[in-house]
Amino acid sequence: MLNNRNILCISGTEWNGNYIKAVVELMKVLSVNNNVLFVENAYTYKDALMGVNNKDKIDFKQVLGLKSRIRTVQTEGDGTVHVLFPPLVFPVSFLSDGPLYRQLLKFNGWLLKRTVRKALKKLNMQDDLINFTSFNPGMGAMTGRKFNEKSLIYHCYDEIKGAHSWLSRHGLRLEAIFMKMADAVIVTSQGLYESKKDFAKQCFIVKNAVKVDLFKKGFKAEPNRSKTVIGYVGTVDDRSNYDILEHLFTNMPDAAFVFVGRILSERGVNILKKYPNVKIEGAKRPEELPAYLQTFSVGIIPFVKDDLTKGIYPMKINEYLAAGLPVVSTNFGDISDFASLVKITDDKQDFLEALLAEIGNDNAEKRTARLKTAEGNTWNKRTEELSDVIERVEAGLKR
């Protein structure tokens, strides 16, 4: 495990939020024995204007630099993370590639670089530095190699193309540039490995994990036979196979289907709303999820199979298992690690029959085995794997 190192994490997300983020969980564990500066994704001037009437969204004193941009967060593992709120940047993603776009992107990078340098100096974190840039290839390309870092790592946990509208116009090109700069690329799935390995100096897989202590609060030793509840925890978006879902809704009219997570697809939510046995709960804080899992009879992962979903290693699979739940999934990507525990099919009738069989054959012994599997996929274990990769990369740089 990395120890007594300075870790700069330039992230494509915020520290807080109503869903679990891989990079945040990794940094929490690393912060126990290392100094971590987590740089949140910068808001644009457009974000600030849109947030004027929502003061909970943006801290305008921080936006204007009227109070410290750094806040110190104590993690549940007794670590300490310094979270940096960067200054506002120009919105550029809507622009076509050209002189204006490139100059504004360069300026945004300069602004971030200046702010990060000040923070590193203030925190005495300038030496023996790891630059761990997570799903923010634009700022990675603009700021990589600018902090005298010992190693430069790109952490990629999703496909940019099509998955994130704010990255889709320039994301693939910037990612290709940044992957050539980075000493290594670390991905979260076999699908992403196949997608990125030919563009990177070296590529490694460190999969997602589960907060076992949290999700096993939803564990029930015996299945509840009094009511059938089909549960889905995750984002409602266009990755779901709505043909399969509608088949389930129609053919299991007495079952309740509960969807818990962010709503990112108007089309998807409109389909779900058509069925009286479907309940849409919306986004919930991670601490609220075990109570839902306790009511589920089974957890589903009904993703379509395409070039975007093949790169997913879903956190929900271990979350379901930590609660002891049977799982039925489509064959969207490589989840072979769970072949003995999870029913996998792309046929809607087979999916329906697998659901009924898993619910009917569930028992205490199977539930305990599922929990045991999840307990082997913790964020502590994944952080050890990540540390080993970084140490191997840095050892290679010395040669």
Side-chain angles (χ1 to χ4, degrees), residues 20 22 25-26 155-159 163 184-198 200 202-212 215-216 230-235 239-241 244-245 293 296 298-359 361-362 365-386 388-389:
I20 294 172
E25 298 307 317
L26 292 169
H155 179 231
C156 178
Y157 52 79
D158 205 349
E159 285 288 4
V185 175
I186 297 176
V187 298
T188 55
S189 71
Q190 184 66 37
L192 283 174
Y193 176 82
E194 297 299 330
S195 174
K196 310 302 176 187
K197 64 182 176 65
D198 293 336
Q202 45 191 334
C203 191
F204 303 89
I205 302 173
V206 177
K207 295 176 180 177
N208 288 328
V210 61
K211 298 179 74 169
V212 171
F215 283 93
K216 71 180 182 182
I230 316 299
Y232 173 84
V233 174
T235 305
R239 296 178 301 178
S240 291
N241 187 322
I244 288 179
L245 286 173
L293 294 172
F296 292 173
V298 61
I300 58 172
I301 309 176
F303 290 159
V304 296
K305 186 176 183 178
D306 59 24
D307 288 341
L308 300 180
T309 58
K310 73 179 181 182
I312 297 174
Y313 180 100
M315 289 187 200
K316 63 178 64 62
I317 197 166
N318 280 303
E319 293 168 357
Y320 293 154
L321 294 175
L325 295 172
V327 181
V328 181
S329 173
T330 54
N331 188 28
F332 61 89
D334 182 11
I335 51 174
S336 55
D337 292 355
F338 307 96
S340 63
L341 291 175
V342 175
K343 295 298 181 183
I344 302 171
T345 178
D346 288 323
D347 180 82
K348 62 185 180 182
Q349 183 61 28
D350 287 347
F351 201 108
L352 171 63
E353 292 173 4
L355 265 185
L356 295 172
E358 286 298 292
I359 294 169
N361 297 325
D362 195 14
E365 184 180 355
K366 290 181 178 181
R367 287 183 165 234
T368 300
R370 295 174 193 131
L371 171 58
K372 186 176 180 180
T373 295
E375 287 176 330
N377 294 320
T378 65
W379 288 112
N380 282 59
K381 181 179 178 181
R382 294 294 187 255
T383 306
E384 289 178 1
E385 295 172 9
L386 176 68
D388 288 344
V389 167

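The basis for the numbers below is simple: all heavy atoms, side chains too, and nothing from hydrogens, waters or symmetry mates. Only a predicted model underlies this, so the values are computations on that prediction, with no experimental measurement involved. Residue numbers run from 1 in the order of the sequence given.
- The heavy-atom pair separating Pro326 from Val298 by the smallest distance is O-CG2, 3.2 Å.
- For the atom pair NZ of Lys343 and CG of Leu355, the computed distance is 12.0 Å after rounding to the nearest 0.5 Å.
- In this structure, the side chain of Ser195 does not engage the main chain of Gly191 through any donor-acceptor pair within 3.5 Å.
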Show your working on side chain to side chain contact (heavy atoms under 4.5 Å, CB included) between His155 and Leu386 and close with a plain yes or no. CA-CA 10 Å; His155 179 231; Leu386 176 68; 5.7 Å; no

List the steps, then state whether side chain to side chain contact (heavy atoms under 4.5 Å, CB included) holds for Glu353 with Thr345. CA-CA 10 Å; Glu353 292 173 4; Thr345 178; over 6 Å; no

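- Using a cutoff of 4.0 Å between basic side-chain nitrogens and carboxylate oxygens, Asp362 and Arg370 are scored as salt-bridged.
- Here the side chains of Phe215 and Ile20 are in contact, with some heavy-atom distance below 4.5 Å.
- Rounding to the nearest 0.5 angstrom, the gap separating the CD1 atom in Ile186 from the OH atom in Tyr157 is 14.0 Å.
- How far NZ of Lys197 is from CD of Gln190: 9.0 Å, rounded to the nearest 0.5 Å.
- The OH atom of Tyr232 lies 6.5 Å from the OH atom of Tyr320; values are rounded to the nearest 0.5 Å.
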Test log, rule side chain to side chain contact (heavy atoms under 4.5 Å, CB included), inputs Glu159 and Asp307: CA-CA 9 Å; Glu159 285 288 4; Asp307 288 341; over 6 Å; no

Carefully, step by step, assess Ile317 and Ser329 under the rule side chain to side chain contact (heavy atoms under 4.5 Å, CB included). CA-CA 9 Å; Ile317 197 166; Ser329 173; 5.9 Å; no

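- For the residue pair Asn208 and Arg382, the shortest heavy atom distance occurs at O-NE, 3.0 Å.
- Using a distance-only test at 3.5 Å, with no hydrogens or angles considered, a donor-acceptor pair links the side chain of Thr330 to the main chain of Phe303.
- Atom CE in Met315 sits 12.5 Å away from atom CG in Asn377 (nearest 0.5 Å).
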As a quick check of understanding, evaluate side-chain hydrogen bond (donor to acceptor under 3.5 Å, both in side chains) for Thr309 and Asp306, giving each step before the final call. CA-CA 6 Å; Thr309 58; Asp306 59 24; 3.1 Å; yes

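- Closest approach of Thr188 to Tyr313, counting heavy atoms only: O-CB, 3.2 Å.
- Shown here for Leu192 and Cys156, the closest heavy-atom pair between the two residues is CD1-O, 3.6 Å.
- Lys316 is not listed as a side-chain neighbour of Val327, based on a closest heavy-atom distance of 4.5 Å or more.
- When atom types are taken as modelled, the side chain of Asn331 and the backbone of Asp346 share no donor-acceptor pair closer than 3.5 angstrom.
- Closest approach of Glu358 to Leu341, counting heavy atoms only: OE1-O, 4.5 Å.
- Residue Glu319 forms a side chain to side chain contact (heavy atoms under 4.5 Å, CB included) with just one option from Val212, Val233, Leu325, and that option is Val233.
- Phe338 and Asn318 make their closest contact through CE2-OD1, 3.5 Å (heavy atoms, listed as atom of the first residue, atom of the second, distance).
- We find the NZ-CG distance between Lys310 and Asp334 to be 12.0 Å, quoted to the nearest 0.5 Å.
- The local environment of NZ in Lys196 is crowded, with over 12 non-hydrogen atoms from other residues, nucleotides or ligands closer than 6.0 Å.
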